[in-house]
Structure formats: structure tokens, C-alpha cells
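Just follow the structure's listing: the first ligand is 1, and inside any ligand the first atom is 1.
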Amino acid sequence: MLAGKTILLGVSGGIAAYKSVELVRLLKKEGADVYVIMTEHATKFVTPLTFESLSGNPVFTDVVGEYKKYPVEHIVLSEKADLMVVAPATANVIAKFANGIADDYLSTTNLALTCPRLICPAMNHNMYAHPATQANLKRLDSYDNYQLMEPKEGRLATGIVGKGRMPEAIEIFNEIKYLLSPKDMLGKTVLITAGPTREHYDPIRFLSNPSTGKMGYAIARKAAERGARVILVSGPVSIELPPKVKVVSVNTAIEMREAAIKYFDETDIFIGTAAVADYRPKNRAAEKIKKGADTLILDLEKNPDIIAELGQNKDQRIVVGFAAETNNGFSYALEKIKKKNLDFIVLNDVAQKGAGFGVDTNIVKFVFPDGTHEEFPLMLKEDVATKILDQIMKL
Ligand code: C5P
């Protein structure tokens, strides 16, 4: 999603500079064109060659001669840039930016920029707490186009625990993606169910399925990037939580239904990606069932159909369902749209390679109430998520 974007990465002289190496790698992987600008002190922590090799672009430093090699590059770069991220931003750089000082490559470029900047302060906790630093940060925050990322509490380079740690590269990367996404879903609340449910028949055993939550989590992440308020009701999964998303953890279908109903009133768009168990054991033994008889018969009863219930009460809301089928998918999907009162259904043929549970890709078809459909090739779940949200915004 960062293809075609030019990102400047300003690195100043702090030990956290090593984390920015990983940040360049993440940005490049996502297709961004990255130019690194280092202060002279930064070059003592990480060599320009490291950033040059990873970014594939020349690195701009304060070393004498650089200006000669690329005389007006700081102006050219500032015109090209979509965003400048400064990580780590030392107290010194923050002070310069806040006061309009332009005495090196980084601070000069900063003054010439008109694009947004993301400033990631990282320093000793006393330096961070100093009233001068706090006043400078406040001043920066009051300028247009400056976004600050709070440093974290934790063990600092000196071994002392305090506030001043730079966020991890992945967190900065997520913030960059958020800042660069068009905010076409601003003001919308999206409720998503994801993952499997667990239906216990004794305290330690349950019926479940191999859903990993990847599809629902990808939709949650993308919707949040596009500015939506996202509530993710999630069964037990072990994947990374998407940033800027409210996660409500549940276990059983009954708990998932309760949580979904609780937030449905405030919802504009409901997307049911969860692989909800259709049946649950009628009885849950209070103690572990001992191994004994050759056969064990479990009595099952039907779980509530969450999306069908919400679909019946949808009013102006958009309700989108998923269908994982191994045969006759299309006719089942059409039947489900009617029965559950959905706006469309995302059908995946889980029998195909690269589709369905556990994998990072999916092969889907959107099926609409009038019987029409749109087919997509094998795509990353992230891209499927984008297509789903695009379709919803069209509706
Ligand atoms: O009927 P089926 O389980 O195939 O329907 C799949 C769709 O319905 C998915 O969107 C799933 O999240 C949702 N669903 C639900 N509650 C159930 C079963 C399925 O919300 N009990």
C-alpha cells in the first residue's frame, strides 16, 4: 500500500537508531521509496552504508561534501516527500524543529517540507521530562503537520526504567500506514466478528475449528487505517492485534452473540467473519471427563446464528457475511443471503489451495442478493479486506 510513496526517514543520534534499520526494511517491503537523512551523531550509532544498502538510495548526512554532491537535494527531496518520519528524534532535534533552526541537513529539510511529519522522541527519561523538552514538544504539536508518537516506559540504555524508549519499528510502521491512508471511512463504526469459537464439554476440552482469525483481523486493520472506529469481537486466536482497534475477547458462540448485540446499536457496518460453531455440547461437565467407556456420546444443541439475528434487525446498516464451503458454494451462498438478510456474502471455496483457514491468502467471490457475483483471483487476505471495504463503501 506504500507503493509510489516517498518517505524521508530522519535519524538523529540516539541508541534507538538501530530500530530504524528495521523500519527501513518494513517500508521497502511495502513498496515505499525511502530516503534516509542522518545527523552527524547518528552516523556514530549506525553507519550510513547500512541505511544506503537497505533503502537503495543515497543517504544524506552532515558530512562535509554531501551538499556538493547533491546541491539542492534537500529541496528536491522535500518536494517529493509524502511523509517524513524522525526516529529516533533526540531532545536536540526536537528543540531545533520547535524553534525553526536549520543548521544541518535534517533540520534544513524539515523547514522546507510541507508534508506531514511523524516525530518519535527517544531519550533518557530525565531529558524527556525536562520542562524545556516538554515545552518544545508542546510547541511542535501546535504546528500543522506534526504528529508526535509518545515514547514508551521501559528499560532505557542506561539500565534505568523510565519513559523515553522509542516504540518498536512495527509500531512506527503501522502509524505511518495509518497517516498515509485515505480516511474515507471516518465517522463510520465497523463491528467485526473473527476467529473460531470454543464450545466446552468439560473444563479443559472443547469443540472448535481451525480458524486463525486472519481474515477478520485484516479487515479490522484496514478499516481502522481508513479512519473507521473498529470493534473486533474475537474468539481465541494467537495473531497480532491490529492497532487502533477495540478488541473484545470471547470464547463461546453465546458470548460472541452477547458482545455483538451489545455493540450493534452503535454500528454502521457489521462483518461476520467468525467461524462460529453451529452446535455446542448440551451439558458441560464440572470436572474433567475420565477415560473409561469405549465410546463417548456428546449431546449437542444448536447455537444462535449471530449474523442472521443481526441481519433481521439491520435497518440502515450494512451486514456482510462469509461462507466457507467445499461444494455447491454459490447456491448455498445465495440461500444464506436471503435467510440472513445480508447485503452480500464473501464466498470462499475452502477446498481450493490458498483459500480459507490458516493461510495468508484467499480466493473469494462476492455474491449479491440479486444473484450476480464478482470473482477475484488468489489474493492476500489484506487485499481481500480492501476489496470488501471498497464494496461496502460503494453500497
Ligand atoms: O451458516 P454459515 O455458518 O455457513 O454462515 C456463515 C456466516 O454466518 C459467517 O459470516 C459467520 O460469521 C456467520 N455465522 C454467525 N453465527 C453462527 C454461524 C455463522 O454469525 N452461529
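The protein atom (non-hydrogen) at minimum distance from atom 10 (O) of ligand 1 is Gly272 O, 2.5 Å. In this structure, atom 21 (N) of ligand 1 lies nearest to the protein heavy atom Pro304 O, 2.8 Å. For atom 11 (C) of ligand 1, the nearest non-hydrogen atom of the protein is Ala274 O, 3.2 Å. For atom 17 (C) of ligand 1, the nearest protein heavy atom (residue, atom name, distance) is Val276 CB, 3.5 Å. Nearest protein neighbour of atom 5 (O) of ligand 1, counting heavy atoms only, is Lys340 NZ, 2.8 Å. Of all protein heavy atoms, the one closest to atom 7 (C) of ligand 1 is Phe322 O, 2.9 Å.
Across all non-hydrogen atoms, the minimal contact from Thr43 to Pro48 is CG2-CG, 3.9 Å.
Annotation: Lys336, atom NZ; neighbour count of heavy atoms from other residues, nucleotides and ligands within 6.0 Å is above 12.
A salt bridge is defined here as a Lys NZ or Arg NE, NH1 or NH2 lying under 4.0 Å from an Asp or Glu carboxylate O, and Lys5 with Glu30 fails to meet this definition.
Distances below 4.0 Å separate heavy atoms of Gly321 from the following atoms of ligand 1: 10 (O).
The distance criterion of under 3.5 Å between nitrogen or oxygen atoms is not met by Val320 with respect to ligand 1.
Note on ring orientation: taking the six-membered ring where Trp is involved, the planes of His200 and Phe206 are perpendicular (angle over 60°, cut-offs 30° and 60°).
Applying the salt bridge (Lys or Arg N to Asp or Glu O under 4.0 Å) rule to pairs touching residues 230-250 yields Glu175-Lys244, sequence neighbours excluded.
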